[in-house]
Amino acid sequence: MLEINKIRLNKENVIELLKVKNFKYAEEKINTLLILDEKKRQVQKELEDIKADLNIKSKVIGKFMKEGSKLEAENAKIEVANLKDSSKELEVQMVEKEKEIEDLLLSIPNLPHYSVPKGKTAEDNIIESNFGEIPKLYDGATPHWELCTKYDIVDFELGNKITGAGFPVYKGKGAKLQRALINFFLDEAEKNGFSEVQPPLMVNEASALATGQLPDKEGQMYSIPLDGFYMIPTAEVPITNIFRDVIVQEKDFPICKSAYSQCFRREAGSYGKDVRGLNRLHQFDKVEIVCIDHPEHSYKQLEIMKQHVESLLKKLELPYRVLRLCGGDISFTAALTFDFETYSAAQERWLEVSSVSNFETFQSNRLKLRFKNQEGKTQLAHTLNGSALALPRILASLLENNQTPEGIKIPEVLVPYTGFRLIN
RNA sequence: GGAGAGAUGGGUGAGUGGCUGAAACCAACAGUUUGCUAAACUGUCGUACUCGUAAGGGUACCGGGGGUUCGAAUCCCCCUCUCUCCGCCA
């Protein structure tokens, strides 16, 4: 959620930036917002003046009562009753205005960083860098879903039976490979200064609201209505909520956390080749990294997070590319996002395996995540997060790219974790 | 799941209707002094919104929401959470 004060001060600038995000009706919405804000403050002033008056008069009544001046007290009570009526009316107006303002604010996306390119779709994203060779596969090479069956390492049919589509069962070396990847990612994160947490996989409504899953993305989460909980779509939700309503110490910056969790997404509306095999699942594993930092250093931190993700992909020997997302493709909440895609050689397509973003104060405003700055004033901190990494598509790329007639080769860095070099 | 107790500022904790935005102590911060890795003393020390060029005002907040009252941290109702005991259980 954007800060209303900043919109008030930089109206034209805000409108321009919203246009980069292809936000429709930017001008109209901002204008409406500012008019509402102006009115709200008028009402607020009026209301608070009346309340101040009420507070004083109530104290006077108290004095009369003590002195035993019953008549004066009764008269004052009548006077106060009138004031109360008008304050009630204003109070209703006030609540209405605040609600309208909040609803409007919630519908406005984050402002893009100045470096975000203009553009409408994923086609307009900028390829920042390319790393690694695209492997040439042997003649009998097949997509990962066939490899999974061939070597009996991921069983989609069995998952269908137990739960439904998108809930595969990992078996044998497949299950071990999952465990290896998780441990590898966690160890690497720790080496790079991210301290590990193991958060709950369900969150309450307040948490889902604070990170923006609610109200608009409710349909993307699995929910447990009986208890009012939601299955997390990403560990970002519980980790970021560690810092909800918290004032952190400036000296603790940057605060860096990592967490492994399973993620649950309903993925309503997905279809076709996007959901084939491991490409898109309802339940999947991911190691997430989250950072909290000073506004002046957050972009430097974003760079550090990017490097961390790149180092993982390099160590796994996967060909990848880094995309700077354009205004049209960047998420509602992010100011700047880099996507990482690995090449999946049998499908002959790039798969998104990580997304690293700076949210600036967009999340922290809702979270009320602040720090005391050097003047001793509380100020919103910047939040950043990224996947490091999501497993299924990494697995897909590994299986496809490393297949040989003899079997699937395990990258060298993973061998200490798997205990085997070949799936055959 | 059953029975009981509780939730106050960074922490401990006082406060049962007006003098309480909240005592006291601790921690923290700033300063003074003493010549010694520290003590003593003095001062500062919640958050948000809002009015004002500023100085300085105002409003709200004592787990969350609602109610009673001229007036609520304090009384009533609902919810959440914590603790103790019992039951059940990985």
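Here is the naming used below: chain letters follow the sequence lines, and residue numbers restart at 1 for every chain. On a predicted model such as this, the values are computed, not experimentally measured, just so you know.
The interatomic distance linking K88(A) (NZ) with rG66(B) (C1') rounds to 13 Å, in whole Å. Atom CG of D227(A) is separated from atom C1' of rG1(B) by 14 Å (rounded to the nearest Å). Counting to the nearest Å, the P atom of rA48(B) and the NZ atom of K377(A) are 10 Å from each other. Straight-line distance from the CE atom of M94(A) to the C1' atom of rU59(B): 9 Å, rounded to whole Å. Taking atom CD of E205(A) as the reference point, atom P of rG64(B) lies 17 Å away to the nearest angstrom. A straight line from CD of E91(A) to P of rC49(B) spans 19 Å, rounded to a whole angstrom. Rounding to whole angstrom units, NZ of residue K45(A) and P of rA60(B) are separated by 13 Å. Taking atom NZ on K368(A) and atom P on rC61(B), their separation rounds to 15 Å, with Å as the unit.
When the C1' atom is compared between rC70(B) and rC77(B), the two are found 23 Å apart, to the nearest whole Å. Comparing rA22(B) with rG15(B), their C1' atoms sit 8 Å apart, to the nearest whole Å. rC36(B) sits 44 Å from rA48(B) when the P atoms are compared, rounded to a whole Å. Taking the P atoms as reference points, rA28(B) lies 35 Å from rC85(B), given to the whole Å. Going from the C1' atom of rU80(B) to that of rG66(B) covers 15 Å, rounded to whole Å. rU16(B) and rC26(B) are spaced 27 Å apart, taking the C1' atom of each and rounding to whole Å. Nucleotides rG11(B) and rC89(B) are separated by 39 Å at their P atoms, to the nearest Å. rG56(B) and rA7(B) have their C1' atoms separated by 36 Å, with the value rounded to a whole Å.
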Discussion item. One pair to check against side-chain hydrogen bond (donor to acceptor under 3.5 Å, both in side chains): R244(A) and S207(A). What are the steps and the verdict?
Written reply: CA-CA 8 Å; R244(A) 170 154 51 92; S207(A) 293; 2.9 Å; yes
Worksheet item: Going through the checks in order, is the side-chain hydrogen bond (donor to acceptor under 3.5 Å, both in side chains) test met by E48(A) and Q44(A)?
Response: CA-CA 6 Å; E48(A) 287 180 357; Q44(A) 181 175 353; 3.0 Å; yes
Check the interface with nucleotides 76-78 of chain B: list each N/O to N/O pair with the protein under 3.5 Å, or write none.
none

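When distances run from any side-chain atom of K51(A) to the nucleotides rG71(B), rC51(B), rU59(B), the shortest one goes to rU59(B). Of the candidate nucleotides rC49(B), rG46(B), rA48(B), rA48(B) has the atom lying nearest to any side-chain atom of R370(A).
A close approach under 4.0 Å does occur between a side-chain nitrogen or oxygen of K372(A) and OP1 or OP2 of rU47(B). Note on K84(A): a side-chain N or O is less than 4.0 Å away from OP1 or OP2 of rG71(B). OP1 or OP2 of rC51(B) has at least one side-chain nitrogen or oxygen of R41(A) nearer than 4.0 Å.
Aromatic pair F264(A)/H282(A): ring centres not closer than 6.0 Å. The six-membered or imidazole ring of H382(A) lies away from that of Y299(A), with a centre-to-centre distance of 6.0 Å or more.
With hydrogens and angles left out, the side-chain atoms of Q363(A) and E236(A) include a donor and acceptor closer than 3.5 Å. In this structure, a donor-acceptor pair under 3.5 Å is present between the side chains of K29(A) and S107(A).
Not a single ring-ring contact (aromatic ring centres under 6.0 Å, His included) links Y260(A) to another residue, sequence neighbours left out.
rA73(B) is unpaired under the Watson-Crick or G-U wobble criterion, no partner having all donor-acceptor distances under 3.5 Å. Checking rC81(B) for Watson-Crick or G-U wobble geometry (two distances, each under 3.5 Å) identifies rG6(B) as its partner. Under the Watson-Crick and G-U wobble criteria, each requiring two contacts below 3.5 Å, nucleotide rC88(B) is left unpaired. Nucleotide rA14(B) forms a pair with no other nucleotide shown, judged by Watson-Crick or G-U wobble geometry with both contacts under 3.5 Å. Across all strands shown, rC36(B) remains unpaired; no Watson-Crick or G-U wobble contact has both distances below 3.5 Å. In this structure, rU53(B) forms no base pair with any nucleotide, since neither Watson-Crick nor G-U wobble geometry is met with both distances under 3.5 Å. A 3.5 Å limit on both hydrogen-bonding distances identifies rG43(B) as the Watson-Crick or G-U partner of rC29(B). A 3.5 Å limit on both hydrogen-bonding distances identifies no Watson-Crick or G-U partner for rC19(B).
Environment of CD in Q198(A): sparse, with no more than 12 heavy atoms of neighbouring residues, nucleotides or ligands closer than 6.0 Å. Counting heavy-atom neighbours within 6.0 Å of K97(A) NZ, excluding the residue itself, gives a total above 12. Within a 6.0 Å sphere centred on CZ of R421(A), other residues, nucleotides and ligands contribute 12 heavy atoms or fewer.
Looking at which nucleotide of RNA chain B each of D53(A) and T378(A) is closest to, the 5′-most match is held by T378(A). Toward the 5′ end of RNA chain B lies the nearest nucleotide of E98(A), the other residue of the pair E98(A) and N55(A) mapping further downstream.
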Worksheet item: How does each nucleotide of nucleotides 15-22 of chain B score, in 5' to 3' order, for protein heavy atoms under 4.0 Å: base (B), sugar-phosphate only (S), or none (-)?
Response: ---BB---
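Residue A52(A) is classed as a sugar-phosphate contact, given heavy-atom separations below 4.0 Å to backbone atoms only.
Between L398(A) and P411(A) the shortest heavy-atom distance is CD2-CG, 3.5 Å. Contact between L313(A) and F340(A) at its shortest, heavy atoms only, is CD1-CD2, 4.0 Å.
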